[in-house]
Novice: 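Please find one structure pasted underneath; my questions will follow.
We count residues from 1, following the sequence as given. These numbers come from a predicted model, not from an experiment. Side-chain atoms are counted along with the backbone in the values below, which use heavy atoms only and exclude waters and symmetry mates.
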Amino acid sequence: MITDDIREELLREQDKNYRDFQVKLIPTSDANKVIGVRTPALRTYAKRLIKEPDVSLFLRNLPHLYFEENQLHAFIISEMKDYDKCIEEVESFLPYIDNWATCDQMSPKVFKKHRQELLSHIHIWVESEETYTIRFGIRMLMQYFLEDEFEGAYPETVAGIRSEEYYVNMMIAWYFATALSKQYDKIIPFFENRRLDDWTHNKAVQKSLESFRITPEQKEYLKSLRVKK
C-alpha cells in the first residue's frame, strides 16, 4: 500500500539528531512517533506524492502513526489546486491534528483565490472545541484577512474567543500582534479597552514589541498598555 511505501521512505530519510531537536519543539506529540525528517525534504516529497493516483489512500488512512506523516498530509493539502477538493481534505484532516507545527504549516495556496468562500468555514472552525481547529481558523483570518480584505468584524471574532488552551491563546496573541502591524489604528482600541484576557493581552504586546513592523513610538505606547499584576 502507498502508506507503507511512504513510511519506508520517511524512515530512510531519518536524521536522529534532528529528531532529538524537533521533539523539544513539539511537546504535545509523542516522542516515539517522531522520525526526524527535515521540512524541506517533506515538502519536496509532498509535491511528488500529490501527482500519484493513489495518494487519496494515504489521505484516508487516518489517524497517521507518525508526526511526519501528518506533516506530509498537511503539505499535500497545501499543494492542492482544486478549492472544493482542498476544503474537503482540510475538513477531514483537522480533527486529527495534534500539534502546532502541523497546524501552522498547513497553508493551502488555493485559499488565496477563494477568500469569501473560505470565510464560512473559518467561522465554523473558530467555534470548534478542538484546539488546533480553532488555531487554524484564527491563522486563516490572520493570513488572508488583514490587508485588502480586512473588516472590523474579523478581530471582533478573534477577541471573542475564550480558551484555556495555550496554543489557542498564543495564536490569538499572534493574530493581534500581526494585526497591529497592518491595521494599527483599527486594532489598538482592542488593547486600550482590554478586550483580551490578561495573559493573551500581554503576550500580544510582547510579540508586538519584538516586531520590526511596529514603530518605536507605537512600541512605547504599547508598553504603557501592558496589564500589570
Novice: Using a 4.5 Å cut-off on heavy atoms from C-beta on, say whether the side chain of W100 contacts that of M170.
Specialist: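 Sidechains of W100 and M170: no contact.
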
Novice: Can you name the closest pair of heavy atoms from L59 and H73 and give their distance?
Specialist: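 In terms of heavy atoms, the two residues are closest at O-CE1, 3.2 Å.
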
Novice: Could you tell me whether the side chain of N99 and the main chain of A101 form a donor-acceptor pair under 3.5 Å?
Specialist: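 Yes; at least one donor-acceptor contact below 3.5 Å.
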
Novice: What's the verdict on side chain to side chain contact (heavy atoms under 4.5 Å, CB included) for V158 and F176, showing C-alpha distance, side-chain angles and the deciding distance?
Specialist: CA-CA 9 Å; V158 180; F176 274 97; 3.7 Å; yes

Novice: As an exercise, state the distance from CG of N202 to CG of D197, rounded to the nearest 0.5 Å.
Specialist: 9.5 Å

Novice: Under a plain distance cut-off of 3.5 Å, with no hydrogens placed, do E149 and Q116 share a side-chain donor-acceptor pair?
Specialist: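 Note: Q116 and E149 side chains meet the donor-acceptor criterion.
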
Novice: Short question: side chain of Q218, backbone of T215 - any donor-acceptor pair under 3.5 Å?
Specialist: yes

Novice: Is there a side chain to side chain contact (heavy atoms under 4.5 Å, CB included) between R195 and E156? Walk through the geometry before answering.
Specialist: CA-CA 9 Å; R195 296 289 307 283; E156 287 286 348; 2.8 Å; yes

Novice: For P63 versus Y96, what's the shortest heavy-atom pair and its separation?
Specialist: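 In this case the closest contact between P63 and Y96 is CB-CD2, 3.7 Å.
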
Novice: Is it the case that over 12 heavy atoms from other parts of the model lie below 6.0 angstrom from the CG atom of D148?
Specialist: no

Novice: Looking at every heavy atom in both P108 and I77, which two are closest together, and how far apart are they?
Specialist: CG-CG2, 4.1 Å

Novice: What's the separation between atom CD1 in I214 and atom CG in L209, rounded to the nearest 0.5 Å?
Specialist: 8.5 Å

Novice: What pairs meet the salt bridge (Lys or Arg N to Asp or Glu O under 4.0 Å) rule with one or both residues in residues 65-91, with sequence neighbours excluded?
Specialist: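 Residue pairs passing salt bridge (Lys or Arg N to Asp or Glu O under 4.0 Å), neighbours aside: R7-E69, R60-E89, E79-K109, K85-E89.
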
Novice: Does a side-chain heavy-atom distance below 4.5 Å link F136 with L94?
Specialist: yes

Novice: Give the minimum heavy-atom separation between K24 and D20, together with the two atoms involved.
Specialist: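 Closest heavy-atom pair between K24 and D20: CG-O, 3.7 Å.
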
Novice: Verify, without hydrogens or angle tests, whether H121 (side chain) and G137 (backbone) share a donor-acceptor contact under 3.5 angstrom.
Specialist: no

Novice: How long is the span from the CD atom in E13 to the CD atom in E8, to the nearest 0.5 Å?
Specialist: 13.0 Å

Novice: Working note: K207 + E210, criterion salt bridge (charged side-chain N to carboxylate O under 4.0 Å, His left out); need CA distance, chi angles, decisive distance, verdict.
Specialist: CA-CA 5 Å; K207 285 181 169 291; E210 295 167 355; 5.6 Å; no

Novice: Is there a donor-acceptor pair under 3.5 Å between the side chain of R162 and the backbone N or O of A159?
Specialist: yes

Novice: Backbone N or O of M106 within a donor-acceptor pair of the R139 side chain at under 3.5 Å?
Specialist: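 Looks like yes, one N/O pair under 3.5 Å.
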
Novice: I'd like to know if the side chain of Q71 reaches the main chain of T102, judged simply by a donor and an acceptor atom lying under 3.5 Å from each other, with no hydrogens or angles considered.
Specialist: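 Pair found, side chain donor or acceptor close to backbone of T102.
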
Novice: Quick check against the 3.5 Å criterion: does K203 have a side-chain atom that pairs as donor or acceptor with the backbone of A173?
Specialist: no

Novice: Any heavy-atom pair between the side chains of L222 and L180 that's under 4.5 Å?
Specialist: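 L180 vs L222: side chains touch.
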
Novice: Using 0.5 Å steps for rounding, measure from the CG atom of N169 to the CH2 atom of W199.
Specialist: 6.0 Å

Novice: Report the residue from Y154, F150, F111 that forms a ring-ring contact (aromatic ring centres under 6.0 Å, His included) with F145.
Specialist: Y154

Novice: Can you tell if the side chain of L62 reaches within under 4.5 Å of the side chain of F93, non-hydrogen atoms only?
Specialist: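 In short, these two side chains touch, coming nearer than 4.5 Å.
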
Novice: Report yes if the side chains of F190 and L196 come closer than 4.5 Å at any heavy-atom pair, otherwise no.
Specialist: no

Novice: So, F58 versus H64, ring centres under 6.0 angstrom or not?
Specialist: yes

Novice: Give the cluster check for L118 versus Y132: same hydrophobic cluster or not, with ILVMFWY residues linked at side-chain heavy-atom distances below 4.5 Å.
Specialist: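 Hydrophobic grouping puts L118 with Y132.
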
Novice: Can L65 be reached from L11 by stepping across I, L, V, M, F, W or Y side chains whose heavy atoms are under 4.5 Å apart?
Specialist: yes

Novice: Does N61 reach the main-chain N or O of L57 with its side chain, forming a donor-acceptor pair under 3.5 Å?
Specialist: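 No.
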
Novice: Less than 4.5 Å apart, side chain to side chain, heavy atoms only: is that true for E192 and P189?
Specialist: yes

Novice: Can you give me the closest heavy-atom contact between D98 and S29, atom names plus distance?
Specialist: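 Reported closest heavy-atom pair: OD1-OG, 4.0 Å.
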
Novice: Distance from L141 atom CG to I122 atom CD1, nearest 0.5 Å?
Specialist: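 Result: 4.5 Å between the selected atoms.
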
Novice: Is there a donor-acceptor pair under 3.5 Å between the side chain of S181 and the backbone N or O of T178?
Specialist: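 A pair under 3.5 Å: yes.
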
Novice: Roughly how far, to the nearest 0.5 Å, is the CD1 atom of I26 from the OG1 atom of T28?
Specialist: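 Interatomic distance, T28 OG1 to I26 CD1, rounded to 0.5 Å: 7.0 Å.
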
Novice: For ring pair (Phe, Tyr, Trp, His ring centres under 6.0 Å), just list the numbers for F191 and H201, CA-CA rounded to whole Å, side-chain angles, deciding distance to a tenth of an Å, and then say yes or no.
Specialist: CA-CA 7 Å; F191 291 84; H201 174 107; 5.5 Å; yes

Novice: Using the rule given for side chain to side chain contact (heavy atoms under 4.5 Å, CB included), can you reason through D104 versus W174, listing the C-alpha separation, both sets of side-chain angles and the distance that settles it, and then say yes or no?
Specialist: CA-CA 12 Å; D104 292 2; W174 185 11; 3.7 Å; yes

Novice: Shortest non-hydrogen contact from E220 to K223?
Specialist: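 Answer, listing the atom of E220 first, then K223: OE2-NZ, 3.2 Å.
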
Novice: Y83, W125: one ILVMFWY side-chain cluster at the under-4.5 Å cut-off?
Specialist: yes

Novice: Verify the neighbour count for atom CZ of F21: are there more than 12 heavy atoms of other residues, nucleotides or ligands below 6.0 Å?
Specialist: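 Count not over threshold, so no.
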
Novice: Can you list, pair by pair, the side-chain donor-acceptor contacts under 3.5 Å of residues 32-56, counting residues two or more places apart and other chains?
Specialist:
{"from": "R38", "atom 1": "NE", "to": "D15", "atom 2": "OD2", "distance (Å)": "3.4"}
{"from": "R38", "atom 1": "NH2", "to": "D15", "atom 2": "OD2", "distance (Å)": "3.4"}
{"from": "T44", "atom 1": "OG1", "to": "P40", "atom 2": "O", "distance (Å)": "3.0"}

Novice: I188 vs L225, test: side chain to side chain contact (heavy atoms under 4.5 Å, CB included). Steps then yes/no.
Specialist: CA-CA 10 Å; I188 195 64; L225 296 177; 3.9 Å; yes

Novice: Find out whether P155 and Y175 are in side-chain contact, i.e. whether some heavy atom of one side chain is under 4.5 Å from a heavy atom of the other.
Specialist: yes

Novice: Has the side chain of S78 got a donor or acceptor atom that lies under 3.5 Å from a matching backbone atom of S107?
Specialist: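 Yes, S78 side chain to S107 backbone: donor-acceptor pair under 3.5 Å.
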
Novice: Do I97 and V126 belong together in a cluster built from hydrophobic side chains that touch within less than 4.5 Å?
Specialist: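 Linked within one cluster.
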
Novice: Any non-hydrogen side-chain atom of Y166 less than 4.5 Å from a side-chain atom of T131?
Specialist: no

Novice: Under 4.5 Å between side-chain heavy atoms, counting indirect links through other Ile/Leu/Val/Met/Phe/Trp/Tyr residues: same cluster for V23 and Y167 or not?
Specialist: yes

